[in-house]
Amino acid sequence: MKVGMIGCGNISAQYLKTFPTLPDVELVAVADLDMDRARAVAAEHVGVRALTVDELIADAEVETVLNLTIPAAHAEIDLRAIAAGKNVHAEKPFAVTADEGAEVLAAAAAAGVLVGSAPDTVLGTGTQTARRAIDDGLIGTPISAVATMMTPGHERWHPNPDFYYVPGGGPLLDMGPYYIHSLVTLLGPVSAVIGASSRLREERTIGSGAREGEVIPVTTDTHVTGVLIHASGVLSTLVMSFDAVATHAHPIEVHGTLGSLSVPDPNRFDGEVSVNALGSGGWEAVPESAGYVGASRGIALQDMATRGEQLRASGALGQHALEVMNAMLESSGSGQRVEISSTLERPEVVPLRDPREG
């Protein structure tokens, strides 16, 4: 599968490291609004051409567009690529609004092309081993889960953090996809949410880079919490914050009738899964049993290339997570429970394998 990458910003470096490890995927072109940046990336990778965005979307060699633009541009670029007959895989969040995401999925279905959505961290051994443990009954019947992400904010390290603090950003739409993709992979789709949110500050100060010391406005909530009500009856508590300093909580814990499971950071592909079984007296490591071993960002492109319509990090999963997140924000404003209209089957477990084997 020949891929054209649009967006050569910070996150692109992680994808560029992954491409050489994917046996069924080849990067053939890159584009960016800053052509110098695109040329610099192309110069470092043999056989990769630097194109304008328009040229890449129209290019006959490109079969799939990897969309690494800012969130506000995700839907626009996806729709343009789909109209040109390309598959697309978009960075998270899938779009800014659920209506935008639904339009992308409808256009892809009409065009007969594939749509994937980051984060693909759920395909690594961390989340997948936890999924296998739950499916195998290690903790009995799942009852609840808790997902926690606490950080004082990205402006401390990111040189251009503006988009984190506008609608489409914030801790929920920025980091929530990692946790919600993982929770849905582990426990199935969400049928309703109850949310609450707040905003500690109206301004943030950039802490690094050429703009260090510059003050930027905050126009979205920076602490979001609530309950995801899964169709299975499991209740997941979600806490996403750009206002807190730190936490001792496990990134994700899943509690069942026979034990509790600690799931590693869903922003990573690997990490130790541990279980505290009823009557055991303590936490014990769970051996790796599923997932792409040593995976990194972009592994979903290999999954797309080999599985076609059965891809696991799908646009449907991205859209479901997007609807959940926007419903949480809606609920926080209204104080009311919000029903989720979309649903999907849990993606299949990834057998324990080395992605370099295809």
Side-chain angles (χ1 to χ4, degrees), residues 7 9-11 33-34 67-79 90-104 117-119 147-181 193-228 238-247 267 318-336 338 340:
N10 285 346
I11 195 67
L33 292 177
D34 182 344
N67 183 357
L68 305 185
T69 59
I70 62 172
H74 285 177
E76 175 193 352
I77 293 296
D78 284 352
L79 288 169
E91 247 303 327
K92 52 80 187 169
F94 186 54
V96 174
T97 69
D99 285 346
E100 286 180 345
E103 184 179 2
V104 170
S117 176
T148 307
M149 191 285 301
M150 300 284 194
T151 174
H154 292 354
E155 77 279 3
R156 299 174 66 250
W157 58 268
H158 199 292
N160 295 292
D162 310 66
F163 67 95
Y164 291 116
Y165 296 104
V166 298
L172 184 61
L173 266 75
D174 177 49
M175 297 301 294
Y178 295 104
Y179 292 80
I180 296 172
H181 277 225
V193 303
I194 301 169
S197 62
S198 63
R199 190 180 315 170
L200 181 66
R201 287 167 277 168
E202 299 299 325
E203 297 178 336
R204 298 277 176 139
T205 301
I206 298 176
S208 65
R211 300 171 63 197
E212 183 176 357
E214 182 180 336
V215 176
I216 60 173
V218 176
T219 57
T220 193
D221 284 349
T222 50
H223 184 97
V224 185
T225 187
V227 177
L228 313 184
L238 187 72
V239 184
M240 302 280 108
S241 182
F242 280 171
D243 291 332
V245 174
T247 178
N267 194 14
Q319 171 67 6
H320 187 67
L322 178 64
E323 186 176 341
V324 167
M325 292 185 292
N326 278 290
M328 287 190 70
L329 295 176
E330 179 185 343
S331 177
S332 73
S334 68
Q336 303 295 314
V338 176
I340 305 300

Colleague: Partners of Arg156 by salt bridge (charged side-chain N to carboxylate O under 4.0 Å, His left out), sequence neighbours excluded?
Modeller: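 With neighbours one apart ignored, the set is empty.
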
Colleague: Return the minimal non-hydrogen interatomic distance between Phe163 and Val166, and the atom names on each side.
Modeller: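 Phe163 and Val166 have their closest heavy atoms at O-CG2, 3.6 Å.
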
Colleague: Minimum heavy-atom separation for Ser208 to Ile206, with atom names?
Modeller: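 So the two residues come closest at O-CG2, 3.3 Å.
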
Colleague: Out of curiosity, Trp157 CH2 to Asn10 CG, how far, rounded to the nearest 0.5 Å?
Modeller: 7.0 Å

Colleague: Taking the six-membered ring for Trp, are His154 and Phe242 ring centroids under 6.0 Å apart?
Modeller: yes

Colleague: Arg201: what forms a side chain to side chain donor-acceptor pair (under 3.5 Å) with it, not counting sequence neighbours?
Modeller: none

Colleague: Suppose we screen for ring-ring contact (aromatic ring centres under 6.0 Å, His included). Which residues come up paired with His223, at least two apart in sequence or across chains?
Modeller: none

Colleague: Quick check against the 3.5 Å criterion: does Gln319 have a side-chain atom that pairs as donor or acceptor with the backbone of Ala98?
Modeller: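 Between the backbone of Ala98 and the side chain of Gln319 there is a qualifying donor-acceptor contact (under 3.5 Å).
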
Colleague: Give the minimum heavy-atom separation between Ala95 and Gly101, together with the two atoms involved.
Modeller: CB-N, 3.7 Å

Colleague: Please name all residues satisfying side chain to side chain donor-acceptor pair (under 3.5 Å) with Thr148, sequence neighbours left out, ordered by chain then number.
Modeller: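 Scan of Thr148 (side chain to side chain donor-acceptor pair (under 3.5 Å), adjacent residues dropped) gives none.
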
Colleague: Is any side-chain heavy atom of Tyr164 less than 4.5 Å from a side-chain heavy atom of Arg204?
Modeller: no

Colleague: Between Thr219 and Pro167, is any pair of side-chain heavy atoms under 4.5 Å apart?
Modeller: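 Side chain of Thr219 against side chain of Pro167, heavy atoms only: contact under 4.5 Å found.
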
Colleague: Under 3.5 Å, side-chain donor or acceptor atoms of residues 321-329 against the rest of the protein: list the pairs with distances, not counting sequence neighbours.
Modeller:
{"residue": "Glu323", "atom": "OE1", "partner": "Ser341", "partner atom": "OG", "Å": "3.4"}
{"residue": "Glu323", "atom": "OE1", "partner": "Ser342", "partner atom": "N", "Å": "3.3"}
{"residue": "Glu323", "atom": "OE1", "partner": "Ser342", "partner atom": "OG", "Å": "2.9"}
{"residue": "Glu323", "atom": "OE2", "partner": "Ser341", "partner atom": "N", "Å": "2.6"}
{"residue": "Glu323", "atom": "OE2", "partner": "Ser341", "partner atom": "OG", "Å": "2.8"}
{"residue": "Asn326", "atom": "ND2", "partner": "Val96", "partner atom": "O", "Å": "3.3"}
{"residue": "Asn326", "atom": "ND2", "partner": "Leu322", "partner atom": "O", "Å": "3.1"}

Colleague: Is Ser198 reaching over with its side chain to a backbone N or O of Val224, donor-acceptor style, under 3.5 angstrom?
Modeller: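 Not at all, since once roles are kept as given, no pair shorter than 3.5 Å links the two residues.
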
Colleague: Using a 3.5 Å distance criterion without hydrogens, assess whether the side chain of Ser331 forms a donor-acceptor pair with backbone atoms of Gly195.
Modeller: yes

Colleague: Which heavy atom of Thr222 sits nearest to which heavy atom of Val218, and what is that distance?
Modeller: CG2-CG1, 3.9 Å

Colleague: How long is the span from the OH atom in Tyr178 to the CE atom in Met149, to the nearest 0.5 Å?
Modeller: 10.5 Å

Colleague: Could you tell me the separation between the CG atom of Leu172 and the OH atom of Tyr179, rounded to the nearest 0.5 Å?
Modeller: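 That separation rounds to 12.0 Å.
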
Colleague: State whether the number of non-hydrogen atoms from other residues, nucleotides or ligands found under 6.0 Å of Leu200 atom CG is greater than 12.
Modeller: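 Yes, enclosed.
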
Colleague: Kindly give the heavy-atom pair with the smallest separation between Met240 and Ala147, and that separation in Å.
Modeller: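 Closest pair (atom of Met240, atom of Ala147, distance): CE-O, 4.2 Å.
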
Colleague: Show me the pairs that pass salt bridge (charged side-chain N to carboxylate O under 4.0 Å, His left out) and involve residues 169-180, at least two apart or across chains.
Modeller: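 Qualifying pairs, neighbours excluded: Lys92-Asp174.
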
Colleague: What are the two closest heavy atoms between Pro152 and Val245, and how far apart are they?
Modeller: CD-O, 3.7 Å

Colleague: With rounding to the nearest 0.5 angstrom, report the NE2 to CZ distance, His320 to Phe94.
Modeller: 13.5 Å

Colleague: If only atom types and distance count, is the side chain of Thr205 paired as donor or acceptor with the main-chain N or O of Val215 below 3.5 Å?
Modeller: no

Colleague: Once rounded to the nearest 0.5 Å, what's the spacing between atom OG1 of Thr69 and atom CD1 of Ile11?
Modeller: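 Reported to 0.5 Å precision, the distance equals 12.5 Å.
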
